[in-house]
Amino acid sequence: MSEVQVTEKKHLNFINGEWTGVELGSFDVINPATGKVIANVPKSGKKETDEAVEAAHTAYQSWSKLASTERSQYIRKVAEIMHANKEELAKIMTLEMGKPLAESRGEVIYAASFLEWYAEEARRVYGRTIPGKSANNRIQVVRQPVGVVAAITPWNFPAAMITRKLGPALAAGCTIVIKPAESTPLTAMKLMEYCEEAGIPNGVVNLLTGNPGEIGEAFMSNPKVRKVTFTGSTAVGKQLIRQSADTVKNISLELGGHAPLIIFEDADIEKAVQGAIASKFRNAGQTCICVNRIYVQSSVYDKFITAFKEAVSRLKVGNGLNDGVDIGPMINKAGYEKVEKHVQDAVSKGAEVVIGGRGEIINENVCYYQPTILKDVSADMVVMNEETFGPVVPIQRFETDEEVIEYANNSPYGLAAYFYTENVTRGTKIMESLDFGIVGWNDALPSTAQAPFGGMKESGIGREGGIEGIEPYLETKYVSLGL
Ligand code: NAP
């Protein structure tokens, strides 16, 4: 029995403008705060994936030829519908993945901002004229859409991780097939309803849920899919790179992170505490750019920990639908167990629990973890190396700038890094030395539609957002004209 009817449409695939999939069998979508089943969605496989790609391929012929101003209007309309239905979409998000309602409302605005940004960028896909190689030669460079795009998205930002791909893909003139995360298909289906309401032509936007391995393989082996864009774990990202070889797919990858936060002795400690709280505990610590490890300079180590502990003690854990809750449930038991393993490993190797350090498994589908600070940690602890994806933060002491840069960069990940200092000379040198795609200097919430988001090293390939974010959806064609 469904806990709540969260969408007027049936919970179905959206392929070629039709809601289908009843005959496929289904899997449950579970509210991680209560354990109740809130919907059943189709278990699609290769056949449905091929159908969706075929629909996108057919629609591409006309969508890619529309004037960019027309595509822009469609994209903007979807953003407007999102704003008009903010409460509805936010509630669906909280129900299916647990983040506090206030955060879900924020995500709706954030997700819509990518559509707004790329509705504008659609009109700025400029080419270039190059001086010819001889008097009777002209050279022109034109930008054209890559073709059909397959998008695979994670559960932690169920709306924004879709619009960050959907906006630039549609703006460039591509059509798209989306596979959302198993845990959060309902937000994605709602977005499809909004696309339908905006009048986007059939087949331009398609969505299907189901077996991730089979759908992924079907995308990768289909020559009609010209681009695959993925946000998720580094492990799956690596697998997609391997699978992309046979059809030489154009791929973009937004993968995992292990963000350091460095607090220097000349930092504004109050600002640093606020930044650490916002970055670490948002979404119960389940974000790719959330602070995973903190380094504090010796002279302010105790001062920072005292203030940070006090701020953490005020955070309330519970069902994200309830007022005043700051930290919702873990997405699932596997996520909870990973967090517990990180804490136990650190404590067994000598870390001290400053606050928290435990959680509760209510049942198989509902787990909460207390916001946790660990101090006196060392580099050999698992929590200092693997992505924790939970509300736990270890703190290590450092003495010099050179030492802390080495600590920060000593990771296969290179997504986001943060530091607090009021000294511009020191800050500039630190910023330049960090091997990360995103650097927050006195700012722990850097994500925004107008900036290029993405990682170095094993954190990914490509950027989303900003003027860079449309590039992966464009091909470059050079025309040499003999007069
Ligand atoms: P995940 O397990 O890699 O899943 C991501 C998506 O890939 C889901 O739709 C998943 O489907 C699908 N998938 C799983 N196995 C697949 C396969 N063999 N072939 C094709 N697709 C497959 O990651 P997650 O747990 O959802 O998300 C958390 C991870 O995402 C973290 O590592 C986080 O850092 C990263 N992330 C990165 C960014 C960024 O911008 N860099 C942003 C957000 C999250 P199912 O859900 O059905 O398994």
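For ligands, and for the atoms within them, numbers begin at 1 and follow the listed sequence.
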Heteroatom proximity flag, [X] to ligand 1, N/O under 3.5 Å:
X	result
Asn156	no
Glu387	yes
Met161	no
Thr287	no
Ser459	no

Checking side chain to side chain contact (heavy atoms under 4.5 Å, CB included) for the pair Thr20/Glu48: CA distance, chi angles, key distance, verdict?
-> CA-CA 10 Å; Thr20 58; Glu48 296 71 33; over 6 Å; no

Test item, [X] contacting ligand 1 (heavy atom, 4.0 angstrom):
X	result
Phe157	no
Gly237	no
Gln243	no

Using a distance-only test with no angle check, is there a side-chain donor-acceptor pair under 3.5 angstrom linking Asn156 and Thr287?
->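 No, Thr287 and Asn156 have no side-chain donor paired with an acceptor closer than 3.5 Å.
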
Assess the side chains of Glu464 and Ser252: does a donor N or O sit below 3.5 Å from an acceptor N or O?
->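 No.
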
Name the option, out of Trp155, Phe389, Phe230, that contains the heavy atom nearest to atom 25 (O) of ligand 1.
->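 Closest candidate by heavy-atom distance is Trp155.
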
Between Ser447, Cys288, Pro446, which is the residue that forms a side chain to side chain contact (heavy atoms under 4.5 Å, CB included) with Ile438?
->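 Among Ser447, Cys288, Pro446, the one that satisfies the side chain to side chain contact (heavy atoms under 4.5 Å, CB included) with Ile438 is Pro446.
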
Only one of Val382, Val291, Val339, Thr372 clears side chain to side chain contact (heavy atoms under 4.5 Å, CB included) with Thr388; which?
->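 Result for side chain to side chain contact (heavy atoms under 4.5 Å, CB included) with Thr388: Val339.
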
Specify the protein heavy atom at minimum distance from [atom]: its residue, its atom name, and the distance to 0.1 Å.
atom	value
atom 11 (O) of ligand 1	Lys179 NZ, 3.0 Å
atom 8 (C) of ligand 1	Thr153 O, 3.3 Å
atom 19 (N) of ligand 1	Pro212 O, 3.5 Å
atom 18 (N) of ligand 1	Gln239 NE2, 3.3 Å
atom 23 (O) of ligand 1	Ser233 N, 3.4 Å
atom 36 (N) of ligand 1	Cys288 CB, 3.5 Å
atom 41 (N) of ligand 1	Leu255 O, 2.8 Å
atom 45 (P) of ligand 1	Glu182 OE1, 3.5 Å

Subset of ligand 1 atoms that lie under 4.0 Å from at least one heavy atom of Ile152 =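 What qualifies from ligand 1 is 6 (C), 7 (O), 9 (O), 12 (C), 20 (C), 21 (N).
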
Per-atom contacts of ligand 1 with Arg164, taking only distances under 4.0 Å to non-hydrogen atoms |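 This gives 39 (C), 40 (O) as the contact atoms.
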
Using atom types as modelled and distance alone, determine if a side-chain donor or acceptor of Arg293 lies under 3.5 Å from a backbone N or O of His258.
->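 Yes, Arg293 side chain to His258 backbone: donor-acceptor pair under 3.5 Å.
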
Kindly say whether Gly465 contributes a backbone atom to a donor-acceptor pair with the side chain of Arg164 at under 3.5 angstrom?
->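 No, because the side chain of Arg164 does not come within donor-acceptor range (under 3.5 Å) of the backbone of Gly465.
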
Do Val149 and Lys165 touch side chain to side chain, with heavy atoms closer than 4.5 Å?
->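 They are not in contact (no side-chain heavy atoms under 4.5 Å apart), so the answer is no.
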
With sequence neighbours excluded, what pairs up with Tyr420 under the ring pair (Phe, Tyr, Trp, His ring centres under 6.0 Å) test?
->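 In terms of ring pair (Phe, Tyr, Trp, His ring centres under 6.0 Å), with neighbours along the sequence ignored, Tyr420 is linked to no residue.
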
Mind running side chain to side chain contact (heavy atoms under 4.5 Å, CB included) on Gln243 and Phe219 for me, showing each step along the way?
-> CA-CA 10 Å; Gln243 289 175 324; Phe219 282 153; over 6 Å; no

Determine if the distance from atom 4 (O) of ligand 1 to the closest protein heavy atom is below 4.0 Å.
->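 Not a single protein heavy atom is under 4.0 Å away.
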
What closest approach, in Å, do Met192 and Trp19 show between heavy atoms, and which atom pair accounts for it?
->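 In terms of heavy atoms, the two residues are closest at CB-CH2, 3.7 Å.
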
